[in-house]
Amino acid sequence: MPRRARLEVDPEARKLAVELWRKGKSLDEISETLKLSFPEAPSRSAIHRFLQKLKPFFQLKDAGLITDEDIDLLSQSQNLAAIANGLLIQALVSWYETGELDPERLKALLALVQSAAKMSKAAAGVERTKVQLSRHYEEVAEKVVRAVTRAVEDEELRERIIREVRDELQAEGRA
């Protein structure tokens with residue numbers, strides 16, 4: 001099974017790297033800070049790979065489509081899939097070398113693959129629901145804008161009401 005990256009093993013280092021990155025620190029600054037804080041700090045390229053893997057998730061979070069819990073779920077799903085791949089390779093090598101498959105190892109592998117598939121399906125369901133909610137909020141906002149436009153003649157008041165309603169709906173969508 002492949003060795004897991006240091007940032008995936010050490011949650012404190014991972015958290016610090018993400019915090020620094022979200023604050024706009026450069027890779028060099030993040031690397032130096034981690035070297036000072038952790039004895040077995042990851043390399044600059046390992047930090048870069050780790051952050052690149054998370055970048056799409058944070059873009060979705062910034063757009064208000066997913067939460068921190070969703071990011072945890074998605075990254076756990078990816079980790080389980082990587083572990084399952086490693087175990088599969090290990091089982092195939094063992095089968096090639098001995099001509100036999102260990103039934104217990106095969107059972108464990110199948111259980112892990114099934115868990116990874118369930119987590120991946122759950123993450124996809126969460127994402128689909130978030131997209132549907134986002135579309136729903138957009139439709140509601142459009143209906144409110146049309147209703148306010150018909151009902152309020154004063155243009156300044158109408159714009160202020162529409163802005164307030166949109167702000168409120170956007171805040172509700174992120175909650």
Are the side chain of Glu164 and the backbone of Ile161 linked by a donor-acceptor contact shorter than 3.5 Å? no
Within the structure provided, determine whether Glu159 and Glu156 are in side-chain contact (heavy-atom separation under 4.5 Å). no
Under 3.5 Å: donor-acceptor pair, side chain of Ser31, backbone of Leu27: no
Looking only at heavy atoms, which two atoms of Glu153 and Arg158 are closest? And how far apart? O-NH1, 3.8 Å
Just wondering, do Val18 and Phe50 contact through their side chains at under 4.5 Å, heavy atoms? yes
Would you say Thr33 and Leu20 make side-chain contact, with heavy atoms under 4.5 Å? yes
Heavy-atom side-chain contact between Thr149 and Ile162 under 4.5 Å: yes
Minimum side-chain heavy-atom gap Leu51-Ile30 below 4.5 Å: yes
Would you indicate whether the side-chain heavy atoms of Asp28 and Arg44 approach each other to under 4.5 Å? yes
Where do Leu34 and Ala17 come nearest, in terms of heavy atoms and distance? CD1-CB, 4.0 Å
Can you name the closest pair of heavy atoms from Phe38 and Leu16 and give their distance? CE1-CD2, 3.8 Å
What's the spacing between Glu29 CD and Trp21 CH2 if we round to 0.5 Å? 15.0 Å
